Amino acid sequence: MVKYTLRRLLQGIPTFFGITILSYLLMTAAPGGPVAALTFGPNVSPQDRQQLAARLGVNDPLPIQYLRWLLGDDWMRWDSDGDGIADSSFLIPLDADGDGEPEPPGVRQGVLRGDFGRSFFYRRDVASMIGERVAATMELGASALLLGLSVGVPIGIVAAVTRGSRFDTATRVMAVMFQAIPVFWLGLLLIMLFGSALPRALGLDSPILPMGGRCPPVLIGGCPPIYGRIEYLILPTFVLATGAIAIYSRYIRASMLDVMSQDYMRTAHSKGLKGRSVWFRHGARNALIPLATFLGPAITGLLGGAAITETIFSWPGLGRFAVEAVRAQDFPIVMAVVIITAIATLLGYILSDILYALIDPRIRFD
Amino acid sequence: MKISTKFLLSGVLVVVLALMAAPLAAQDGPEGGVIIEGNLGGDPATFSPIIASDTASSRITEFLFPDLLSVDPSQAIIVPREGNPLASSAVVDSWDINEDGTVYTFNMRQDMVWSDGTPITSADVVYVWDAAVAGQEGIVDTPLSFIVAAPGEETGILDVQAVDDFTFEVTFASSACDALFDAASLEPVPSHIYPEDLSLINDFEENLNPTVTANVFSFGEFRPGEQVSLLADQNYIDADLGFVNLDGYIYRNVPDLNVIVEQYLAGELSVVDNPNVARRADIRADEGSQVYSYPGDRWDYLAFNLADPTNPQNGLDADGNAIDQGNHPLFGDVRVRQAIARAINVDAIIDAAVFGEGSRMTAHLIPASWAYHTELPPIAFDPEMAAEMLAEAGWADADGNGVLEATEDALYADAGTEFVFTLYTNEGNTRRTAMGTLVQDQLSQVGIQVDFQTIDFNTLLDIMDSQTFDTLILGWRNGYPDRPDSTQLFTPASDVVGSGSNFTSFNNAEFTSLNEQAQFVPGCDPAERAEFYFQMQEIMQEELPYVWMFAQDGMYAARTEVNGFDPFPAQLYWNIDTWSVRSAE
C-alpha cells in the first residue's frame, strides 16, 4: 500500500504543476487587472497607477510573474554588498519603474518554499490569512457533511427497501427540491423566518436563531468553543447540507437497489434471515462501499468552502474569501486557494482509492 | 389631615427633585451600550493609518488614531481647531503659511498623549512622512506615497521637518489650496513603538493589533472574516461629556445587502450606513428606526468618448503639447451631446433605478459639495428640443426606419451614417442596468439606437482605460472632505490611454485654467474658490463630457435605542463620544 500511495503521490506532481500553469494563465488573461481595480477613483493620477503596477510586478512578462510566484524573487533582484539597496538582478530590471532608483531587493520566496505571497488588497501574508479561515471553513463543512450523511444515508436505505412507497416518493420529491432550491434564496428565507417573522408572531424581542456570524458579537473574549455557540451553526449547516442530503439519499438508494438484486441477498433471504437483518446487516454495508469514492474528495473538498452559504450567513470561511479575491483580482489569494484546493482534491482522490481498497477486499493495490 | 398634606407635598417635592437630579446624575458617568454596525465589504486590511486605504480599515483607524487636521463636519472642510467650535478632534491647533504659500508651519497641541502616556509630538508626524517617502521607493506598502511630490509635478509634498517637539513644517511643491488635503493624510502614529527600519512596517505586529492609540476607542479584538471590536477609551481628551459614553463599538461583517437590512430591522445591528435603496422604504416604515438622509457622495454618469475611438491617443505629448486625437463621429459634436442630455429623463431614471433616492446632478460636482453651484438648474427633459437640436446638428431620419442618419451637415459623421452606438455598464449592478435600459428606451424616442451591453466590471475598466468605447455608464465616489479639484477627471494631463481618469478626452482650455485658478486663490478662502468652481460647472453643463445623472442619496439609520445619533452628510460618527445605547427594558 505504501508503494501504491507513493506512486500516486508522484503521479500527482505533474498534475499539480499543470493546474498551477493553467490557473495562472487563466487568471492573468482575465480583462482588467488588479491595478485598475485597486485604483478606480476620481483622484488617482496615471503616475500613481504606474507606480503601483511596478510595485506589484504585474507589468512583467507572464513567465517572470509565474516564476516569481513559484520560486520567489529573492534571486531575481538582490543586495550583494549588504547596504540594503539592490545592486544585482536576473531576469528583471533593477529599476522597474524607470525613476532612476533601483527597486528594493526581492523578499518573496515563492510557493515551492512555502511562501504564498502578499495580498494585493489586504497587503498581508496570504498564508496567515488563509490559516485564519480554515477552522471556520472546516467547522461548517464538516457539520454539513455529517448532517448530509446522517440524514441522507438512512433515507436512501429506507427508500430503497420501501421502493415505490409513499416514503420513497416523498424523499424523491424532497431530493429534487433540495437540489433545485437556490441556496441564497433558502438561506435568506430561513434568516427572515427565524430572525424576524417567527419572533414577531410569537411576541419575542430577539431572533430565535442568530441571523449570521459564527460567534456572538461581544467586545472582548474571542469566539467561544463550538458547544457554546451551536445555535450559530444550525441554519448555515442545514442550508449547506440540503444538497448533500439530496445527493447521498439518491445515491445510496440506487446503490442499495443494486445490492438488493445481488445473489447473496437472495441467498440470505432464502436461508430464512429476517428482512431487516438482511437489508441492514448485509445490504446496507455493501451499498455503502461506493460511498467511499465520494467521501475522500468530499472530506478534503471541505477546504474549498461554500461561497454562497458563507456570504448569506456571514460565515468567515474560505469560499467567501476566495470569491471576494477573484472579484478584486487579488492574484496571490486566488492562486493560494487554487493550490490548496488542487492539492486537497488530488489527496482526496488518492484517499478515496485507498479507502475503497481497504473496504472492499475484492480490490487490491496494484 | 394637615400632616398628610405636608407629607404628600414633601413626597411630591422629593419626586420632583429626584427627576431634576436624574439627568445630572446621568452625566456623572457613561451610560454605556455597544454600537454594532454591519460591514458590507471585506475585512479591514489593516489598523495602521500608514497602510490603510480601504473603507473598512479607515472606519477603524479613524476611531483609534488622532487626525492631524480638524474638519468642520457641518461644511465638510478642513479648518483650524482653534476658534471653530464644531471642529473635529485633531493634533494640530493652527497653522501659519509663508509668503509664497508653499511652506506651512503647523502648531500642535501639547496636551495630547498616546494611550501609554507618551506625548504626541512632531516626531510622530515626521515618521509618517518618512514612511510615505519609503512608499514611493517601494519599501513601504503605503497609499501615502501619492502625497509625495513627483519630480516636476506641481502638487504634493516636498518635505516635512520637525521644528520642535510640537511644531513641524511642511514644504509643498506649490501653493495649491489642496495642499492641506495632502497634509491631512499625515495622521500621526506612535513612532516610539514603530520600527526604525521602515521596511519592517509592512509586517509590523501593531498593524493588526494596535496597542498604543489615542482617540475615542482603543483596540479590542479582530476576528478575521467576522468582526472588529473597539473599547471606549476613557482617556480621550476631547470627549464632549468629559468621558466616552459608550462601552464600545463592533464592526461586524455582513456581506449581503439584504441580510444586513434584515439584521438591522431585527435589532441585531444598531446602525446601518447606506442600506440598499430597494430596502430603504422598509427602514423608514420601521417604528424602531431613526433615519437621516442626505445628498450622497456617490454619483453615476453616462460618459461620452469625445475622441476618435479607433485611434486612441493621449491628450498631451511628452512636452505637454496637445495631440490631435480626432473626433468621435457622433459625440465629437457638442450639439449632439446637448441634445442627448435633453432626451434623457433623469428624474424618471432616479425613480426607477434608485426608488427616488437620488439627487440630480447639474454638472460635475455633487450637491453635497461646498463648491456646488446651487443657482444652476439641471438640464430639463425636453425631447422635442432634443429632436430639433439633432436636426440642427445634421441628423435626420431620411429613410423613415425610425433611426436618424447623418446628413451632409453633420460635423464629424459621414453622410448616411446611422445614429447607432454602444452603451456599456458593469453587470450585476441593478441600478446601472436600469439606467441603461431606460436611456436606451428614451433615446429611441428621438431616433437614436442604443446597443446596451452589461459586461464584467474589470472588462469595462479595460475598455474605459483603452478609450475605445462610445459611451458607458459608471460612477464615482467623492472623498471626505470633498475635494472639487478636476485635474484627474477632466484635464488633458490625465488623458492618458491605459491609465488616465480623463478617459473621455475632454479638453477645454478655459475649464483647465479655471481649475488651476481655483487651486491658487491667495488665502484659499472657500467662498472665493467656489466662484471659480461655479464657472466650471456652468462650462460643464454646456460641454457635457458626461450626461450628469444623479448622486445616490446617502442614508444613515440607527435603532431608536441609540442616543446621540445626529449625523451630518457623510459624517455619521462625528459625535460618537456622546452616543449611548439604552438597554432593552
Side-chain angles (χ1 to χ4, degrees), chain A residues 30-33 36-37 40-51 54-55 84 97 101 103-104 118-119 121-125 129 132-133 136 188 191-192 195-196 199 205-207 210-215 217-223 311-317 320-321 324 327 329, chain B residues 34 36 42-43 45-46 51 54 136-139 141 145-146 150 153 199 202-203 208 220-221 223-227 229-231 247-248 250 252-256 258-259 262-263 265-268 456-462 465 476-479 483 485 487-489 494 496 499-501 584:
Chain A
F40 182 67
N43 289 315
V44 181
S45 71
Q47 292 78 12
D48 292 336
R49 288 181 170 197
Q50 284 152 13
Q51 201 179 44
R55 197 164 72 208
D97 58 7
E101 298 287 331
E103 307 307 320
R118 194 176 171 81
S119 157
F121 177 75
Y122 292 102
R123 301 166 186 206
R124 288 182 57 203
D125 182 59
M129 294 180 77
E132 288 161 354
R133 286 160 175 82
L188 206 55
I191 285 173
M192 290 168 73
S196 52
D205 287 335
S206 55
M211 299 170 81
R214 181 179 173 230
C215 317
V218 291
L219 283 175
I220 209 89
C223 195
T311 301
I312 291 291
F313 288 99
S314 317
W315 193 268
R320 190 179 110 200
F321 184 59
E324 286 167 359
R327 282 192 192 134
Q329 300 214 355
Chain B
V34 177
I36 306 177
D43 273 338
T46 178
I51 298 178
D54 56 295
Q136 203 188 35
E137 291 162 4
I139 295 167
D141 209 352
S145 53
F146 80 91
E153 277 201 0
S199 68
N202 294 334
D203 296 311
L208 288 177
E221 61 185 22
R223 290 195 227 141
E226 255 195 292
Q227 68 168 50
S229 64
L230 307 178
L231 308 169
D247 291 325
I250 293 175
R252 196 159 166 82
N253 290 21
V254 186
D256 184 85
N258 283 305
V259 176
E262 287 302 326
Q263 289 199 6
L265 291 172
E268 290 214 327
D456 165 65
F457 183 67
N458 290 306
T459 309
L460 180 60
L461 293 189
D462 237 14
D465 283 341
W476 295 119
R477 183 179 183 188
N478 287 25
R483 191 173 184 169
D485 178 65
T487 306
Q488 299 306 333
L489 285 188
S494 303
V496 179
S499 61
S501 294

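Scope of the values below: all heavy atoms of this structure, side chains included, with no hydrogens, waters or symmetry mates. Here is how names work: the chains are called A, B, and so on, in the same order as the sequence lines, proteins then strands, and each is numbered from 1. Source: prediction; values computed, not measured.
- B/S229 and B/I250 make their closest contact through CB-CG1, 4.0 Å (heavy atoms, listed as atom of the first residue, atom of the second, distance).
- Residues B/D256 and A/L188 form a side-chain contact, since some pair of their non-hydrogen atoms from C-beta on lies under 4.5 Å apart.
- Of the listed residues (B/L460, B/N202, B/D203), the greatest number of heavy-atom pairs within a distance under 4.5 Å of chain A belongs to B/N202.
- Atom CD of B/Q227 and atom CD of B/E221 lie 6.5 Å apart (nearest 0.5 Å).
- Residues satisfying the side-chain contact (heavy atoms from CB on, under 4.5 Å) test with B/S494, not counting sequence neighbours, are B/Q488, B/T491, B/N502.
- Counting heavy-atom pairs under 4.5 Å between each of A/S196, A/C223, A/P217 and chain B puts A/P217 at the top.
- Contact annotation for B/L489: both backbone and side-chain heavy atoms come within less than 4.5 Å of a heavy atom of chain A.
- If you take OG on B/S145 and CD on B/E137, they are separated by 10.5 Å, rounding to the nearest 0.5 Å.
- Taking CD1 of B/I139 as the start and CD of A/E103 as the end, the distance is 10.0 Å to the nearest 0.5 Å.
- A salt bridge does not link A/R124 with B/D43: none of the charged nitrogens is closer than 4.0 Å to a carboxylate oxygen.
- Counting heavy-atom pairs under 4.5 Å between each of A/R327, A/Q329, A/M129 and chain B puts A/Q329 at the top.
- For the atom pair A/T311 OG1 and A/F321 CZ, the distance stands at 13.0 Å (nearest 0.5 Å).
- In this structure, the portion of B/E268 lying under 4.5 Å from any heavy atom of chain A is its side chain and not its backbone.
- With a 4.5 Å cut-off on non-hydrogen atoms, A/L219 touches chain B through its backbone and its side chain both.
- At a 4.5 Å heavy-atom cutoff, the contact between A/P207 and chain B is made by side-chain atoms alone.
- Ranked by heavy-atom pairs under 4.5 Å with chain B, the list A/E324, A/M192, A/R118 is led by A/R118.
- The candidate from B/R252, B/Q136, B/R483 with the greatest count of non-hydrogen atom pairs under 4.5 Å with chain A is B/R252.
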Taking it one step at a time, do B/R223 and A/C215 satisfy side-chain contact (heavy atoms from CB on, under 4.5 Å)? CA-CA 10 Å; B/R223 290 195 227 141; A/C215 317; 3.2 Å; yes
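- Heavy atoms of B/L461 lying under 4.5 Å from chain A belong exclusively to its side chain.
- A/I220 touches chain B through backbone and side chain together, each having a heavy atom under 4.5 Å away.
- Within the 4.5 angstrom heavy-atom criterion, only side-chain atoms of B/V34, from C-beta onward, approach chain A.
- By number of non-hydrogen pairs under 4.5 angstrom with chain A, the leading residue of B/D465, B/T46, B/D485, B/I36 is B/D465.
- With a 4.5 angstrom heavy-atom cutoff, A/R123 touches chain B via backbone and side-chain atoms both.
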